[in-house]
Amino acid sequence: MQIATWNVNSLKVRLPQVLEWLAGRPELTVLALQETKLEDHAFPKAEIEAAGFHVAYVGQKTYNGVALISRAPLLDVQYNLPNYEDPQKRVIAATVDGVRVIGAYVVNGQALDSEKYPYKLAWLDALIAWVGEQLQQHGKLALVGDFNIAPEDRDVHDPAKWAGDVLVSPPERERFQQLLDLGLVDSFRLFEQAEKSFTWWDYRMMGFRRNAGLRIDHVLLSRPLAERCTACEVDKEPRRVERPSDHAPVIATLAE
DNA sequence: ATGGCTTCTCGTAGAAGA
């Protein structure tokens with residue numbers, strides 16, 4: 001089984017890239033998307049199903065929007081956080097091959113002095129509480145998505161430059177740690193990885209070419225799944241193509 | 001250097017992303 005996450009920064013623009021990427025990865029079971037930026041009536045359900053996938057989605061215009069694309073049926077689909085009233089569409093969950101897969105697009109926060117920052121922290125608190133409940137019901141659980149948190153300085157191309165900024169602030173990192181404390185494992189760090197491994201690179205200033213990036217997209221696994229995890233990789237190829245998303249996909253492989 | 005790119009909108013400039 002393989003579980004992946006990819007912030008596509010507009011599915012309208014990136015759908016051909018997503019379908020091509022999936023076609024090249026026949027072993028992939030389920031892909032969580034973030035920033036689809038599409039209302040449900042405009043979601044390309046027919047195209048994705050015609051390509052042979054199951055799909056679930058919840059979105060809005062311009063911002064946010066999440067989806068799950070799967071080769072196995074999506075059961076017990078949950079839309080949005082049940083414990084946080086929020087017009088923004090940031091969470092979708094389903095059970096896939098017996099695994100509870102939660103796809104999340106965590107609030108960016110914009111800046112520490114922005115009103116979006118306390119929203120980010122409160123939203124994360126609700127996520128932590130809900131995922132804790134989900135873990136009691138589902139031993140096999142994967143929390144994946146764009147967390148908008150670089151957990152450690154090694155996940156940041158230039159920690160000094162980012163110090164005191166959103167995505168690396170201690171309150172955000174504490175909440176990431178609280179997710180781990182629920183019993184989740186950052187699958188990427190189960191394995192030896194190249195130094196300066198990132199999942200997002202700024203469109204500006206040739207960020208990708210300079211590898212000026214952050215590792216903010218994650219696949220967190222409950223312990224029973226972490227024990228089965230044999231690999232976790234960032235696929236940088238989709239970041240090299242014409243008109244790419246600014247994020248690359250992250251893929252975790254689980255042995256049967 | 002408070003920018004730099006890319007996306008979106010009851011659009012053609014401004015907001016937001018990270």
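The structure displayed is predicted, hence computed values, not measured ones.
- In terms of position on DNA chain B, the residue among A/Met205 and A/Ala111 whose nearest nucleotide sits closer to the 5' end is A/Met205.
- A/Asp40 and A/Lys45 are not joined by a salt bridge, as no carboxylate oxygen comes within less than 4.0 angstrom of a charged side-chain nitrogen.
- As a whole-Å value, the separation of A/Met206 CE from B/dT6 C1' is 17 Å.
- One finds no side-chain N or O of A/Asn9 lying less than 4.0 angstrom from the OP1 or OP2 phosphate oxygen of B/dT6.
- Going from the P atom of B/dG14 to that of B/dA18 covers 22 Å, rounded to whole Å.
- Residues A/Asp246 and A/Trp201 have side chains that never bring a donor and an acceptor to within less than 3.5 angstrom of each other.
- Of the two residues contacting DNA chain B, namely A/Trp162 and A/Val13, the nearest-nucleotide position lying further toward the 5' end is that of A/Val13.
- Using modelled atom types, one finds a donor on one side chain and an acceptor on the other under 3.5 Å when comparing A/Asn9 with A/Tyr203.
- The shortest distance between the side-chain N/O atoms of A/His247 and the OP1/OP2 oxygens of B/dG17 is not below 4.0 Å.
- Look at CG on A/Asn64: it is 10 Å from C1' on B/dA16, rounded to the nearest Å.
- The gap from the P atom of B/dT12 to that of B/dA1 amounts to 33 Å, rounded to the nearest Å.
- Salt bridge absent: A/Asp158 and A/Arg210 never bring a charged side-chain N and a carboxylate O closer than 4.0 Å.
- Within the 4.0 angstrom heavy-atom criterion, only backbone atoms of the sugar-phosphate kind lie near A/Asn7; the bases stay farther away.
- Residue A/Gln110 places none of its side-chain N or O atoms closer than 4.0 Å to OP1 or OP2 of B/dA18.
- Atom-to-atom, CD of A/Gln17 to C1' of B/dT6 comes out at 13 Å; the value is rounded to the nearest Å.
- With B/dA18, B/dT9, B/dT6 as the choices, the nucleotide that has an atom nearest any side-chain atom of A/Lys61 turns out to be B/dT9.
- To the nearest whole angstrom, the two P atoms, one in B/dA13 and one in B/dT2, are 22 Å apart.
- The side chain of A/Arg204 lies closest to B/dA18 when the candidates are B/dA18, B/dA16, B/dC8.
- Comment: A/Glu172 engages A/Lys120 in a salt bridge, judged by a side-chain N to carboxylate O separation of less than 4.0 angstrom.
- A donor N or O paired with an acceptor N or O is not found under 3.5 Å between the base of B/dA18 and the side-chain atoms of A/Asn148.
- Summarising the geometry, the separation between CG on A/Asn108 and C1' on B/dA15 is reported as 13 Å, rounded to the nearest angstrom.
- As rounded to whole Å, 15 Å separates atom P of B/dT7 from atom CG of A/Leu15.
- Within 4.0 Å (heavy atoms only), A/His157 reaches no atom of the nucleic acid at all.
- A/Asp146 comes within 4.0 angstrom of the backbone, heavy atoms only, and of no base.
- Taking atom P on both nucleotides, B/dC5 is separated from B/dC10 by 26 Å, rounded to a whole Å.
- Residue A/Lys116 is classed as a sugar-phosphate contact, given heavy-atom separations below 4.0 Å to backbone atoms only.
- When heavy atoms are screened at a 4.0 angstrom cut-off, A/Tyr105 is found touching the sugar-phosphate backbone but no base atom.
- With hydrogens and angles left out, the side-chain atoms of A/Tyr84 and A/Asp125 include no donor and acceptor closer than 3.5 Å.
- Regarding A/Leu214, its CG atom lies at a distance of 10 Å from the P atom of B/dA18, rounded to whole Å.
- Annotation: B/dG11 and B/dT6 have their C1' atoms spaced 15 Å apart (nearest Å).
- When the side chains of ILVMFWY residues are joined at heavy-atom separations under 4.5 Å, either directly or via intervening members, A/Ile48 and A/Leu68 end up in two distinct hydrophobic clusters.
- Between A/Lys37 and B/dT9, a side-chain N or O to OP1/OP2 separation shorter than 4.0 Å is absent.
- One finds a side-chain N or O of A/Ser10 lying less than 4.0 angstrom from the OP1 or OP2 phosphate oxygen of B/dC8.
- One interatomic measurement links the two molecules: NZ of A/Lys12 to C1' of B/dT9, which rounds to 11 Å at whole-angstrom precision.
- Between A/Arg243 and the phosphate of B/dC5, there is no side-chain N or O to OP1/OP2 separation shorter than 4.0 Å.
- Look at NZ on A/Lys120: it is 14 Å from C1' on B/dA16, rounded to the nearest Å.
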